[in-house]
J.: 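Could you have a look at this structure, given as structure tokens, before my questions?
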2 protein chains.
Amino acid sequence: MTVHVAAMDIRERLARNLRLLRQEKGWSQEAFADEAGLHRTYISDLERGARNPTITVVDKLAIALGVTPGRLLD
Amino acid sequence: MTVHVAAMDIRERLARNLRLLRQEKGWSQEAFADEAGLHRTYISDLERGARNPTITVVDKLAIALGVTPGRLLD
DNA sequence: CTGTGACTGGGAGTCCGTG
DNA sequence: GCACGGACTCCCAGTCACA
């Protein structure tokens, strides 16, 4: 039971942080995707915790949102 | 000219943080690898900035070192 | 505007070795 | 103990059609 807890955790922390910070900016997922140089559907996946991104992707997201990478993961 | 600067940046920040924190613990790369549940050669690659890990790996590293994931990336 | 399944190429992560 | 290489498997990056 509860096999992959820790792994799910950090993805869901990222998911929550992304959605909140994006909404604070008043951006659609599509607008956010353009700012970060990523695809619209990829942002959707990230905000649902459905992907396990690399740190270079986290860096792009953080830069687009104007926060540190750590702010997205902690 | 300066094509992938940002991507290199975060990997090298991670590399530096990993090596410093590991040495503070007095661990070998192999001992660290065991603590984090990763392979010995992979730790070597990470500390040389030669790899682009996923956030689940960053989480494992952070837990092994007793710090937040953000502490490794910021 | 967003969620989701499916797809492909390339890279993440492991394991063997060497000096 | 560490850097580095080759080879392998599997999953991530990036995109599309459709609901």
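A, B, ... follow the sequence lines: proteins, then strands. Residue 1 opens every chain.
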J.: Given atom CZ of A:Arg48 and atom C1' of C:dC1, what is their separation to the nearest angstrom?
T.: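 Whole-Å distance recorded here is 13 Å.
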J.: Using only side-chain N and O atoms of B:Asn52, determine if any of them is under 4.0 Å from OP1 or OP2 of C:dA12.
T.: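 Yes.
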J.: Measure the OG1-CG distance between A:Thr68 and A:Leu73 for me, rounded to the nearest 0.5 Å.
T.: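 Atom-to-atom, A:Thr68:OG1 and A:Leu73:CG are 9.0 Å apart.
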J.: End-to-end bend of the helix from C:dT2-D:dA19 to C:dG19-D:dC2 (five-pair axes, 10° rounding)?
T.: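 Computed angle between terminal axes is 40°.
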J.: Any sub-3.5 Å donor-acceptor pair from B:Asp59's side-chain atoms to A:Ile10's backbone N or O?
T.: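 It does not hold such a pair.
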J.: Please list, in numerical order, the residues of residues 21-31 of chain A that have a heavy atom closer than 4.0 Å to any atom of DNA chain C.
T.: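 Here the set is A:Arg22, A:Ser28, A:Gln29, A:Glu30.
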J.: Between P on C:dG3 and CD1 on A:Ile43, what's the gap in Å once rounded to a whole number?
T.: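 From A:Ile43 CD1 to C:dG3 P: 11 Å.
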J.: Name the first nucleotide and the last nucleotide along DNA chain D (5' to 3') that come under 4.0 Å of a heavy atom in chain B.
T.: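 The footprint of chain B covers D:dG1 to D:dC12.
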J.: Decide yes or no for B:Leu65 and B:Trp27: does some side-chain heavy atom of the first lie under 4.5 Å from some side-chain heavy atom of the second?
T.: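 Heavy-atom side-chain distance check passes, below 4.5 Å.
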J.: Looking at side-chain heavy atoms only, is the closest gap between A:Leu38 and A:Leu61 below 4.5 Å?
T.: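 A side-chain contact under 4.5 Å exists here.
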J.: What I'd like to find out is whether the side chain of A:Leu18 reaches to under 4.5 Å of the side chain of A:Ile43, using heavy atoms alone.
T.: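 With C-beta onward as the side chain, the pair stays apart.
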J.: In this structure, how many angstroms lie between the P atom of C:dG17 and the NE2 atom of B:His39, rounded?
T.: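 After rounding, the gap between these two atoms is 11 Å.
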J.: Tell me what A:Thr54 touches on the nucleic acid: a base, only sugar-phosphate, or nothing, going by heavy atoms under 4.0 Å.
T.: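 Sugar-phosphate, no base atom in range.
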J.: Check whether A:Arg40 reaches the backbone of A:Glu30 with its side chain - one donor and one acceptor, N or O, closer than 3.5 Å.
T.: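 No, A:Arg40 side chain to A:Glu30 backbone: no donor-acceptor pair under 3.5 Å.
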J.: Looking at every strand, decide which applies to B:Asp45 at a 4.0 Å heavy-atom threshold: base, sugar-phosphate, or nothing.
T.: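 Counting heavy atoms under 4.0 Å across all strands, no contact is made by B:Asp45.
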J.: I'd like to know if A:Leu20 and B:Ile55 are part of one continuous hydrophobic network [Ile/Leu/Val/Met/Phe/Trp/Tyr, side-chain heavy atoms within less than 4.5 Å].
T.: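 No.
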J.: Nearest whole Å is fine: how far is C:dA12 P from B:Asp59 CG?
T.: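 Those two atoms, CG and P, are 18 Å apart.
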J.: Is B:Arg11 close to B:Arg48 at the side-chain level, that is, under 4.5 Å between some pair of heavy atoms?
T.: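 Contact flag for B:Arg48/B:Arg11 side chains = no.
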J.: Atom OH of A:Tyr42 and atom C1' of C:dT2: how far apart are they, to the nearest Å?
T.: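 From A:Tyr42 OH to C:dT2 C1': 17 Å.
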J.: What I'd like to find out is whether the side chain of A:Arg19 reaches to under 4.5 Å of the side chain of A:Arg22, using heavy atoms alone.
T.: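 Result yes, sub-4.5 Å side-chain heavy-atom pair found.
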J.: Between B:Leu21 and B:Arg71, is any pair of side-chain heavy atoms under 4.5 Å apart?
T.: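 SC-SC contact between B:Leu21 and B:Arg71 confirmed.
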J.: Quick check: are there more than 12 heavy atoms from other residues, nucleotides or ligands sitting under 6.0 Å from CD of A:Glu35?
T.: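 Yes, the 6.0 Å shell around CD holds more than 12 heavy atoms from other groups.
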J.: Using a 4.0 Å heavy-atom cut-off, does A:Leu38 contact any base of the nucleic acid, only the sugar-phosphate backbone, or nothing at all?
T.: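 The residue A:Leu38 makes sugar-phosphate contact but no base contact.
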J.: Under 3.5 Å, is there any donor-acceptor pair linking the side chain of B:Arg51 to the base of C:dG11?
T.: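 No, the side chain and the base share no sub-3.5 Å donor-acceptor pair.
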J.: B:Asn17 versus B:Leu14: any side-chain heavy-atom pair under 4.5 Å?
T.: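 B:Asn17 does not reach B:Leu14 side chain to side chain.
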J.: Can you tell me the distance, in whole Å, between the CG atom of B:Asp34 and the P atom of C:dT14?
T.: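 For the pair B:Asp34 CG and C:dT14 P, the rounded distance is 12 Å.
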J.: Between C:dT4 atom P and A:Glu47 atom CD, what is the distance in whole Å?
T.: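 For the pair A:Glu47 CD and C:dT4 P, the rounded distance is 12 Å.
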